[in-house]
Amino acid sequence: MRKKDSSHFSRRKFMGASLLSAAGLSVIPQLNFAKPTSDLNSLPESSKVRLGFIGMGRQSYGILKGMIKIPQVEVIAGCDVYGVKRERFQHEVAKHYGKIPGDIPVYENYQDLLERDDIDAVVIATPDFWHAMIAIDACHAKKDIYLEKPLTFTIKEGQALVKAVRDNSIVLAVGSQQRSETNFQYAVRMVQKGHIGKITHVKANVGQPESPKPYDLPEESIPSDLNWKLWLGPIKPVHYNADLNPPITVDPVQNEQVWGAWRWYEETGGGLMTDWGAHMFDIAQWGISMDKNGPVEIIPQKNGNPLTFTYANGIVMTAEPFDGDTRGVKFFGEKGWIQVSRGGFKSSDPSLKVPDQEQNISEAPAHYVDFIQSVIRRKDPIANVEIGHSTCTVCSLGNIANKLGRTLHWDPKAQDFHYDVEASSMLHYDYENGYELKS
């Protein structure tokens with residue numbers, strides 16, 4: 001195994017570790033319109049971040065194509081339990097570096113990838129129920145982490161992951177890319193600066209925020225190159241169906257046409273609540289300055305009324321459509337409103353307009369660039385682990401309230417329910433197959 005050299009980045013990582021550990025719990029990236037490309041290009045060429053990829057499905061494939069364009073990134077190896085996805089990864093990386101696919105190391109078990117000394121950071125883009133376990137192991141292996149949203153599958157997992165990140169001085173960025181997009185940044189800035197007055201209500205449209213449904217897909221034959229037992233990991237076994245892992249081929253090239261259906265079932269995912277809530281609830285909480293905080297009361301979606309979150313300052317957030325069925329967030333203040341969505345911005349004040357964004361010369365999405373900058377400079381990214389955890393907690397609280405069909409009371413500081421034994425039992429689940437939650 002090739003040893004990691006004493007690069008400019010490695011020394012910087014060592015020297016910055018204590019800063020992250022001590023300051024990480026209180027430092028939040030400032031709201032700004034960053035110019036990440038020019039900043040990266042000013043860094044020494046020796047500032048290389050060597051990446052390993054864990055999970056190689058549709059989302060990971062998109063991240064790979066973006067990350068690999070950043071000059072300071074070197075993709076080293078990948079891991080997936082599905083053989084055809086490992087093969088696709090090898091072909092894509094080899095094509096970029098002018099290598100032979102067989103020369104790109106790939107693994108079935110993520111532990112083998114984490115053991116490599118020549119990997120500085122990992123991208124984790126697996127099904128949600130694997131997020132916490134892999135990320136915590138990566139923390140103990142001293143790898144920085146780009147973790148897809150939602151942060152974890154359960155609230156207790158999120159608590160354990162926050163501890164592991166800070167105890168090990170790890171840079172962890174959550175894949176909440178809207179935080180790095182100009183229109184969302186601008187909307188939040190205008191809301192926080194009071195351009196529409198004191199906020200009273202926020203609508204966040206995440207689709208139909210109903211609890212995920214019980215697994216009901218028909219059983220199908222398991223592909224010969226898929227380790228189904230390892231795919232299931234800590235969850236209770238469900239039978240295989242191709243919708244969970246949409247088919248792909250390498251020759252001829254045919255990538256996934258749909259997203260993996262594990263998102264929609266309670267045994268394997270959190271439904272639209274976590275899939276889109278991890279984006280839109282995130283922006284809503286950011287706008288009302290509730291990062292690292294959360295609601296105190298959750299009223300389930302019931303009898304035609306929307307899922308409702310109430311915060312200690314009196315602001316109410318509802319999960320419901322607005323402006324047709326725009327997936328986005330609408331802030332209502334005493335003097336007007338602002339709504340924001342992907343590629344969209346509207347306001348009751350016509351003078352509020354999103355400024356032009358500088359061209360990103362590297363063609364890499366700003367969120368990926370922010371992560372690489374953060375790794376090199378040993379600073380928290382714009383969507384750090386505490387932010388990811390508080391956002392994910394809101395999603396989980398919505399699912400728990402809808403599942404129980406009654407109002408819940410939550411203490412966002414203590415991160416627990418008020419003597420509610422039934423609700424507290426849903427903060428986590430018992431792992432199967434000998435797996436256990438670490439911290």
Side-chain angles (χ1 to χ4, degrees), residues 49-70 73 75-90 92-93 104 106-114 119-139 141 143-153 157 161 170-180 226-227 230-235 244-246 248 255-256 258-263 268-270 274-276 278-279 282 364-365 367-368 370-372 375 381 383 385 388 391-392:
V49 178
R50 301 178 178 90
L51 286 183
F53 279 70
I54 301 174
M56 298 177 183
R58 183 178 182 180
Q59 182 66 13
S60 178
Y61 187 62
I63 298 172
L64 171 64
K65 292 175 77 68
M67 287 281 192
I68 208 167
K69 295 175 182 177
I70 301 173
V73 164
V75 177
I76 297 293
C79 168
D80 200 281
V81 299
Y82 204 166
V84 68
K85 293 181 181 179
R86 296 195 295 270
E87 186 181 356
R88 176 175 65 180
F89 176 87
Q90 287 179 305
E92 190 66 30
V93 175
I104 309 301
V106 290
Y107 305 93
E108 183 180 75
N109 193 313
Y110 74 89
Q111 297 282 8
D112 295 327
L113 184 145
L114 292 180
I119 290 178
D120 302 308
V122 292
V123 172
I124 302 173
T126 62
D128 302 345
F129 57 83
W130 265 113
H131 282 187
M133 200 173 317
I134 296 175
I136 289 172
D137 284 342
C139 288
K143 313 296 185 189
D144 294 320
I145 303 164
Y146 183 95
L147 179 60
E148 257 311 308
K149 61 80 195 167
L151 186 79
T152 56
F153 196 42
E157 287 178 338
L161 180 53
I170 297 300
V171 172
L172 185 147
V174 188
S176 301
Q177 75 268 17
Q178 291 178 171
R179 291 224 173 199
S180 298
L226 171 61
N227 187 331
L230 193 54
W231 187 91
L232 291 168
I235 65 172
L244 299 176
N245 285 277
I248 65 171
N255 295 318
E256 297 93 338
V258 295
W259 294 104
W262 51 263
R263 292 165 172 78
T268 55
T274 58
D275 198 56
W276 276 94
H279 286 304
D282 182 68
H367 207 56
Y368 304 160
D370 176 66
F371 170 60
I372 299 304
V375 169
V385 66
T391 297
C392 189

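Residue numbers count from 1 along this sequence. Nothing here was measured: the structure is a model prediction, and the numbers come from that model.
Looking at L151 and V385, their side chains come closer than 4.5 Å, going by heavy atoms from C-beta outward. The shortest side-chain heavy-atom distance between R179 and V174 does not fall under the 4.5 Å cut-off. Side-chain atoms of L147 and L161, non-hydrogen and from C-beta on, do get closer than 4.5 Å to each other. Using a 4.5 Å cut-off on side-chain heavy atoms (C-beta onward), M67 and V75 make no contact. Counting heavy atoms from C-beta outward, I145 and C139 have side chains that approach closer than 4.5 Å. Taking 4.5 Å as the limit, some side-chain heavy atom of L51 sits within range of a side-chain heavy atom of F371. Counting heavy atoms from C-beta outward, I136 and E157 have side chains that stay 4.5 Å or more apart.
Applying the salt bridge (charged side-chain N to carboxylate O under 4.0 Å, His left out) rule to D137 yields the partners K438; only residues at least two apart in sequence or on another chain are considered. Take R58 and apply the side chain to side chain contact (heavy atoms under 4.5 Å, CB included) test, not counting sequence neighbours, and it matches E256, W259. In this structure, D128 has no side-chain hydrogen bond (donor to acceptor under 3.5 Å, both in side chains) partners at least two apart in sequence or on a different chain. Contacts of P127 classified as side chain to side chain contact (heavy atoms under 4.5 Å, CB included), with partners at least two apart in sequence or in another chain: F129, W231, W262. Here Y82 pairs with nothing under the side-chain hydrogen bond (donor to acceptor under 3.5 Å, both in side chains) rule; sequence neighbours left out. The salt bridge (charged side-chain N to carboxylate O under 4.0 Å, His left out) search around K85 returns none, not counting sequence neighbours.
Here the shortest heavy-atom pairing between Y146 and E148 reads CE2-OE2, 3.9 Å. The two residues S176 and K149 make their nearest non-hydrogen contact at OG-CB, 4.3 Å.
A side-chain contact (heavy atoms from CB on, under 4.5 Å) with I54 is found for one member of V123, D80, V122, N109 and no other, namely V122.
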Stepwise side-chain contact (heavy atoms from CB on, under 4.5 Å) test for H279 and Q177: CA-CA 8 Å; H279 286 304; Q177 75 268 17; 3.3 Å; yes
